[in-house]
Trainee: 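Mind having a look at this structure? Questions to follow.
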Amino acid sequence: MTKVSLKKQKKLVFRLDADLGHIEWESKQRKIIPIENIKEIRSGDDARYYREQFQLSSLYQERWLTIVYILDGAYKSLHLVAATKDVSRMWDRTLRDLHSIRLELMRGLGNVEMRQALWEKQHWRNANEDNDHRLTFDEVEKLCRRLNINSDYEDLLRLFNQADTRKRQFLDFDDFRRFVKLLKARPEIDRLYKKLRSRNDGHLDFGVFEKFMREKQVSTLSSIELQRVFEKYSSWNTSPTDLGNPAHASTAPVMTLEGFTSFLLSQDNSVLADQHRDAWQDMTRPLSEYFVSSSHNTYLVGHQLVGVSTIEGYIRALLHGCRSVEVDVFDGEQEPMIFHGKTLTSKVSLREVCQTISKYGFVASPYPIIISAEVHCGLAGQDMIAEIMIEEFGDSLVRAPADSEGKIDNLPSPEDLKGKILLKTKNLNLMKTESALDSDREEGVSSDVVFSDSTDAEAFWEGKDSPTRRLLSSEVEEDKRAPSRSLSRRRASDVGGDRPHAKPKMSFALVALLVYTVGVKFRGINKKEEYAPEHMFSLSENTAHKQLRVGMWDLIKHTKAHLVRTYPKGTRVSSTNYEPHRFWAAGMQLVAINWQTSDLGYMINHAMFQRNGRSGYVLKPNALRLAQKEHLAKRTTHSFDVTIISAQQLPRPKGASGRDVPEKTVVDPFVEVTLYLPDWPLFDGKMKDKGKAKAYSSDGGHLSPLPSRALSSRTLVVRKNGWNPVWEEKLTILFDCVGDMMDLIFVRFVVKQDDKGADEPLAMYCAPLGSLQHGYRHLPLHDSQLSQYLFSTLFVKINVTNLPC
């Protein structure tokens with residue numbers, strides 16, 4: 001196929017190897033793309049954007065294939081043109097099939113047999129250097145060294161001879177599978193299994209299993225549901241020796257060690273309680289009662305000053321369940337363009353972005369998308385924004401309230417807005433104060449618009465355009481409900497009668513698209529300021545932190561019925577992230593992060609929205625939804641007790657080519673566990689101050705939250721074993737929780753290399769503490785970009801103990 005780049009086009013031979021699980025080709029050196037590293041496959045019309053970027057003829061389109069993947073921690077794209085349509089279709093179909101299998105395997109655990117088969121084929125091919133379908137002991141020993149298996153020569157030779165049942169001094173594929181089974185023996189599970197059996201005459205029947213599930217796994221399943229699970233992993237065993245009791249040999253199914261191991265690794269024993277679509281939460285509550293997966297500068301795929309603006313950022317975010325995307329819109333030569341103002345970032349057209357949102361918006365989730373727009377266009381550009389959105393989104397775009405009278409008493413629910421797109425931008429029908437201008441510069445708004453005198457509006461009202469008539473009506477209502485003072489009083493006081501030049505009007509067509517998400521300036525939260533249900537303000541990171549310190553309770557009350565968005569401060573030029581759970585704890589729903597940066601903030605956000613079927617909406621804890629002080633006055637203390645038992649097949653460092661680095665195959669792993677607590681809105685219910693509860697403060701001072709904290713503990717190091725290290729080490733972390741909001745505490749497990757020069761962790765896992773199920777669980781491990789490793793797991797025992805306050 002022809003490999004296409006900005007600089008050149010070059011014909012190369014590409015191979016898709018299903019057993020090894022990668023694409024490979026020879027250029028100046030051999031290159032590979034592991035199939036599990038592929039993020040997107042685009043062909044035909046889906047790849048039109050890239051073909052046009054390279055300024056190539058539409059004749060190439062039906063033979064075009066774009067593969068978006070991660071390698072060495074960065075997103076990359078491979079653009080190919082096949083020689084014929086048939087070859088293109090064959091590659092497209094086969095690659096998608098293989099990719100879908102890998103994706104399914106990378107969604108948690110389970111599919112043990114398929115994982116095992118993939119692993120065996122992959123490493124059989126790698127070990128069989130001569131391709132003679134037989135492995136000598138030397139080849140097996142080399143493979144084990146590459147896999148970081150810490151077994152001495154005698155142990156490996158013993159296992160090799162056990163697998164070589166025909167004493168041929170080599171292993172064929174069946175022998176190799178037998179050898180792998182011996183290698184993967186789990187003595188820690190064997191000990192647990194024997195302990196359970198010893199309590200019931202040497203066998204594990206349903207009674208033993210149910211007791212284990214109730215006492216150790218803290219299962220809430222009914223006996224009938226547990227019976228189904230048990231039967232799934234058990235078998236009828238007629239061997240008296242195995243059962244230990246001949247009377248039971250043919251009367252009841254039992255769970256063997258193999259079945260018990262399969263259960264512990266299965267989705268039926270998932271560590272997360274509410275990850276899948278069959279565990280969706282109630283989606284009929286008002287929008288303000290949900291956290292919403294949100295992105296900042298969605299169009300960027302890199303640096304905020306010199307990064308690339310592209311539709312790729314929207315595709316990535318939307319396919320991962322993001323429900324709020326951002327557009328910064330400026331006037332273009334022909335149509336409005338999106339880019340980061342006053343920087344060297346490239347540009348992408350608004351129309352292409354809208355087409356992308358329309359195409360990918362509801363693939364991962366059916367629930368509404370909120371487009372947060374910063375508009376820097378003149379009147380003509382604003383009209384064009386409205387025109388483009390109406391054309392591209394059609395009936396999906398919300399253009400009027402569901403109530404025929406146009407009155408909004410409460411925000412609609414995600415269920416009400418399924419498949420809908422909402423626009424949020426500032427309804428700037430009011431003049432700015434200088435202080436507001438200074439505040440908004442932080443958000444990147446370079447200019448605003450106002451409506452002129454009411455006589456102009458009345459003249460416009462007389463027009464025949466019905467959407468405009470509806471718009472003007474909504475603007476009159478907007479003025480009535482505007483925060484604080486009336487329009488005329490603001491003009492008199494804020495402007496002072498002297499302005500060097502008049503501001504332009506705001507486009508009526510654009511404002512007509514603001515329905516349930518009407519952007520307004522933040523003018524504080526107090527009795528003097530009144531916000532309508534649809535009014536929504538955005539806070540920069542600095543302003544949000546300040547509000548946490550001086551008015552966290554006010555924010556919680558406000559966000560009971562109103563949406564609030566936060567965004568990273570402008571000084572984060574490398575697109576780093578804050579920790580979003582700090583703002584969630586104050587009830588703020590749209591906590592926007594930079595999806596292009598895989599750091600702690602991104603990881604916590606990812607962990608939060610793995611919940612509720614990855615729908616992009618998570619119901620807020622009751623304490624925040626109800627916004628009642630008696631709930632927030634409940635402060636409890638707990639002990640997070642986790643036993644780090646073992647790890648399985650830890651990954652090894654890889655080079656830029658995606659291949660293992662031979663000199664870094666020795667792994668000395670340890671595990672660090674950290675709890676991340678938000679700023680707690682603590683209240684002391686015993687203290688009274690004219691009927692008002694006081695916020696907890698260690699110094700007894702003014703109202704302030706208890707600051708966020710990170711609490712950590714770690715294991716010892718296991719030397720020279722990345723294959724099956726065993727710690728069996730218990731870690732204990734004491735922590736406090738307010739209002740039963742365990743979902744806002746996040747726990748991160750990080751497997752690290754005991755090497756001062758190793759910056760990147762070997763693997764990690766992060767989840768809300770409230771979603772972690774107790775007992776013996778396998779954690780699926782991920783890389784630093786949160787792509788799951790196919791074969792790497794961490795075996796732990798989890799428990800949370802309530803302590804006296």
Side-chain angles (χ1 to χ4, degrees), residues 48-49 52-53 297-300 309-311 313-314 318 324-343 345-361 369-400 420-429 440 443-452 456-457 459-461 463-472 474-475 478 502-519:
R48 176 182 56 83
Y49 174 79
E52 291 177 350
Q53 291 289 95
N297 289 346
T298 319
Y299 47 87
L300 291 180
S309 302
T310 171
I311 62 169
Y314 294 93
L318 292 168
S324 175
V325 296
E326 185 179 20
V327 294
D328 287 1
V329 193
F330 295 81
D331 285 319
E333 292 183 5
Q334 295 179 331
E335 287 190 336
M337 304 294 290
I338 294 174
F339 61 94
H340 203 213
K342 300 179 181 178
T343 67
T345 59
S346 61
K347 302 177 181 180
V348 61
S349 77
L350 173 66
R351 187 176 293 277
E352 285 177 320
V353 168
C354 289
Q355 290 171 347
T356 301
I357 294 172
S358 183
K359 184 176 183 63
Y360 293 93
I369 298 168
I370 300 172
I371 299 176
S372 181
E374 288 184 15
V375 178
H376 305 262
C377 299
L379 282 176
Q382 293 173 39
D383 284 337
M384 204 173 293
I385 291 172
E387 180 183 340
I388 289 171
M389 289 190 172
I390 291 170
E391 286 179 6
E392 299 299 337
F393 297 145
D395 293 340
S396 295
L397 185 63
V398 175
R399 300 173 62 184
K420 295 296 184 180
I421 297 172
L422 298 90
L423 175 66
K424 176 261 173 184
T425 193
K426 284 186 178 177
N427 185 346
L428 298 165
N429 59 339
D440 284 345
E443 191 176 357
V445 178
S446 60
S447 63
D448 282 329
V449 296
V450 297
F451 289 108
S452 58
D456 294 335
F460 200 80
W461 172 260
K464 296 180 180 179
D465 187 293
S466 58
T468 303
R469 293 170 64 92
R470 290 197 302 269
L471 166 64
L472 185 56
S474 70
E475 285 301 315
E478 170 68 26
K503 293 277 187 176
K505 299 177 185 178
M506 187 173 185
S507 162
F508 283 94
L510 184 60
V511 178
L513 302 183
L514 306 181
V515 182
Y516 298 118
T517 47
V518 180

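Residue numbers count from 1 along this sequence. Not measured: the values here are computed from a predicted model. All values below come from the heavy atoms of this structure, side chains included, with hydrogens, waters and symmetry mates left out.
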Trainee: Write down the atom of T425, the atom of A373, and the distance for their closest heavy-atom approach.
Mentor: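 Heavy atoms only, the tightest pair is OG1-O, 2.8 Å.
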Trainee: Please check: side-chain N/O of N297 versus main-chain N/O of E326, any donor-acceptor pairing under 3.5 Å?
Mentor: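 No; zero donor-acceptor contacts below 3.5 Å.
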Trainee: Determine the minimum heavy-atom distance between I388 and C354, stating which atoms define it.
Mentor: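 Taking every non-hydrogen atom into account, CG2-SG, 4.2 Å.
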Trainee: Would you check, one step at a time, whether the test side chain to side chain contact (heavy atoms under 4.5 Å, CB included) holds for M506 with L379?
Mentor: CA-CA 6 Å; M506 187 173 185; L379 282 176; 5.5 Å; no
Trainee: Going through the checks in order, is the side-chain hydrogen bond (donor to acceptor under 3.5 Å, both in side chains) test met by S358 and Q355?
Mentor: CA-CA 5 Å; S358 183; Q355 290 171 347; over 6 Å; no
Trainee: Shortest non-hydrogen contact from S507 to D383?
Mentor: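 In terms of heavy atoms, the two residues are closest at OG-OD1, 2.5 Å.
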Trainee: Measure the NZ-CD distance between K359 and E392 for me, rounded to the nearest 0.5 Å.
Mentor: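 Answer rounded to 0.5 Å: 12.5 Å.
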Trainee: Quick one: pull up CG in D328 and NZ in K347 and give me the separation to the nearest 0.5 Å.
Mentor: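 Rounded to the nearest 0.5 Å, the CG-NZ separation comes out at 13.0 Å.
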Trainee: Any idea which heavy atoms bring P336 and V329 closest together, and the distance?
Mentor: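 In this case the closest contact between P336 and V329 is CB-CG1, 3.5 Å.
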Trainee: Side chains of Y314 and Y360: does their closest heavy-atom pair fall under 4.5 Å?
Mentor: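 No; the side chains remain at least 4.5 Å from each other.
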Trainee: So which heavy atom on I385 is nearest to which on V375, and how close?
Mentor: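 What the structure gives for the nearest pair is CD1-CG1, 3.9 Å.
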Trainee: Within a strict 4.5 Å, meaning less than it, do heavy atoms of the F393 and I371 side chains meet?
Mentor: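 F393 vs I371: side chains touch.
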Trainee: Is the backbone N or O of L423 less than 3.5 Å from a side-chain atom of T517, with the two atoms forming a donor-acceptor pair by type?
Mentor: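 Yes.
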Trainee: Using 0.5 Å steps for rounding, measure from the CD1 atom of I311 to the CD atom of Q53.
Mentor: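 With rounding to 0.5 Å, CD1 (I311) is 8.0 Å from CD (Q53).
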Trainee: Closest heavy-atom contact between L350 and M389?
Mentor: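 Closest approach of L350 to M389, heavy atoms only: CD1-CE, 4.5 Å.
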Trainee: Under 6.0 Å between ring centres, would you say that holds for F330 and F339?
Mentor: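 Centroid distance F330-F339: below 6.0 Å, so yes.
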Trainee: Indicate yes or no for a side-chain donor-acceptor contact from K424 to the backbone of V515 under 3.5 Å, with no hydrogens or angles considered.
Mentor: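 No.
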Trainee: Using side-chain heavy atoms (C-beta onward) and a distance below 4.5 Å, is I369 in contact with L422?
Mentor: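 Counting from C-beta outward, I369 and L422 never come under 4.5 Å.
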Trainee: Decide, yes or no, whether a salt bridge links K426 with E374 under the criterion of side-chain N to carboxylate O below 4.0 Å.
Mentor: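 Salt bridge absent between K426 and E374.
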Trainee: Where do S372 and V325 land on the side chain to side chain contact (heavy atoms under 4.5 Å, CB included) test, with the steps shown first?
Mentor: CA-CA 6 Å; S372 181; V325 296; over 6 Å; no
Trainee: Evaluate the side-chain proximity of E352 to M337: yes if any heavy-atom separation is below 4.5 Å, no if none is.
Mentor: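 Side-chain contact under 4.5 Å: no.
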Trainee: Drop me the distance from L513's CG to I390's CD1, to the nearest 0.5 angstrom.
Mentor: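 The CD1 atom of I390 is 5.0 Å from CG of L513, to the nearest 0.5 Å.
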Trainee: What's the separation between atom NZ in K420 and atom CD1 in I370, rounded to the nearest 0.5 Å?
Mentor: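 Answer rounded to 0.5 Å: 14.5 Å.
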Trainee: When you look at V398 and Y516, which way does the side chain to side chain contact (heavy atoms under 4.5 Å, CB included) test go after all the steps?
Mentor: CA-CA 9 Å; V398 175; Y516 298 118; 4.0 Å; yes
